[in-house]
Asker: 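I have a structure here, written as structure tokens, and I will follow up with some questions on it.
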Amino acid sequence: SQQGEEDPQALSIQEGENATMNCSYKTSINNLQWYRQNSGRGLVHLILIRSNEREKHSGRLRVTLDTSKKSSSLLITASRAADTASYFCATDKLDSSYKLIFGSGTRLLVRP
Amino acid sequence: GAGVSQSPSNKVTEKGKDVELRCDPISGHTALYWYRQSLGQGLEFLIYFQGNSAPDKSGLPSDRFSAERTGGSVSTLTIQRTQQEDSAVYLCASSARDRGAGYTFGSGTRLTVV
């Protein structure tokens, strides 16, 4: 079953604008990760935020985590056409398993 | 190798045939995962290997699916008597033991059952 649910399912913005994607999850977690996927193939790890962290930055990416609301957001600032991709959140549940559970993803289109 | 390698890249098979998908993880990564992604969907967990521990097979959809990992490295996912609903991209990933490590994914095998 899906642990994370992304919102919106699809997002279309103009180059230079900011893009915000949200992720909600159901159970307590060790960490939450964001991945990017181009052309329906392999995913690329973008950023990991631990359950005791509230915000993390990496280049033009900013991730926030609110464990009380069981939600996270990914902000891409000053978007570029090359940012066009699907973005997935994945949660590492607070249990003995080490597997990540992925959401259904947000399809981002950045128009040049 | 430098990344996770999967083969074949594409596989078309007839319904009822068996297929084997291969994954070569990053050297030194003790954890290996198989996921399945249907068109336009999220990733569905299939199976997870960690070192010499018993694999977590909780995501395998039926007994037609099996996987093994030999010598703690290469893994093979086998689908017996393939069905059309098995058509998907099968993704393999590996990670270091550290729980704070992200996954490195291969490019996947696109399986089409006709």
Side-chain angles (χ1 to χ4, degrees), chain A residues 1-7 9-10 21 23-25 28-53 56 58 61 63 65 74 85-109, chain B residues 2-7 9-10 23-26 29-51 53-61 87-112:
Chain A
S1 62
Q2 297 289 0
Q3 159 78 322
E5 292 293 334
E6 283 92 339
D7 167 55
Q9 290 187 327
M21 289 160 270
C23 169
S24 60
Y25 57 92
S28 297
I29 61 172
N30 278 300
N31 64 68
L32 184 145
Q33 305 179 28
W34 285 90
Y35 288 80
R36 184 177 90 174
Q37 183 180 41
N38 292 87
S39 305
R41 285 304 188 116
L43 282 74
V44 174
H45 179 254
L46 295 177
I47 197 165
L48 179 152
I49 186 165
R50 300 179 192 278
S51 60
N52 61 352
E53 297 176 311
K56 205 160 183 181
S58 176
L61 305 180
V63 168
L65 179 65
L74 171 67
S86 292
Y87 292 82
F88 294 87
C89 70
T91 50
D92 179 1
K93 290 165 61 177
L94 190 66
D95 60 16
S96 59
S97 71
Y98 276 60
K99 59 181 182 279
L100 291 179
I101 304 299
F102 286 80
S104 51
T106 293
R107 294 186 306 280
L108 173 66
L109 171 64
Chain B
V4 177
S5 177
Q6 289 189 247
S7 61
S9 179
N10 290 283
C23 173
D24 259 298
I26 289 176
H29 278 189
T30 56
L32 186 148
Y33 309 83
W34 283 97
Y35 286 82
R36 176 169 76 171
Q37 185 178 32
S38 300
L39 187 63
Q41 301 298 310
L43 275 70
E44 175 189 4
F45 168 77
L46 297 177
I47 188 168
Y48 155 59
F49 296 90
Q50 174 59 62
S53 303
D56 178 350
K57 304 179 181 180
S58 60
L60 294 179
S87 295
V89 176
Y90 288 81
L91 292 161
C92 175
S94 68
S95 72
R97 171 73 181 181
D98 179 4
R99 197 145 197 170
Y103 289 13
T104 301
F105 278 87
S107 297
T109 293
R110 184 180 300 280
L111 175 66
T112 303

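Hydrogens, waters and symmetry mates play no part in the numbers below; they use all other heavy atoms, side chains included.
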Asker: Yes or no on side chain to side chain contact (heavy atoms under 4.5 Å, CB included) for Tyr103(B) and Leu43(A), after CA distance, side-chain angles and deciding distance?
Answerer: CA-CA 9 Å; Tyr103(B) 289 13; Leu43(A) 282 74; over 6 Å; no

Asker: Is it true that, when you exclude Glu53(A) itself, more than 12 heavy atoms of the residues, nucleotides or ligands shown sit nearer than 6.0 Å to its CD?
Answerer: yes

Asker: Please look at Ser9(B) and chain A and tell me whether the side chain, the backbone, both or neither of the residue comes under 4.5 angstrom of a heavy atom of that chain.
Answerer: both

Asker: Which pair of heavy atoms, one from Tyr35(B) and one from Leu100(A), lies closest together, and at what distance?
Answerer: OH-O, 2.6 Å

Asker: Check whether Ser58(B) gets within reach of chain A through its side chain, its backbone, both or neither, counting any heavy atom under 4.5 Å.
Answerer: side chain

Asker: Does NZ or CZ of Lys99(A) come closer than 6.0 Å to the centre of the six-membered ring of Tyr48(B), within 45° of the ring's axis?
Answerer: no

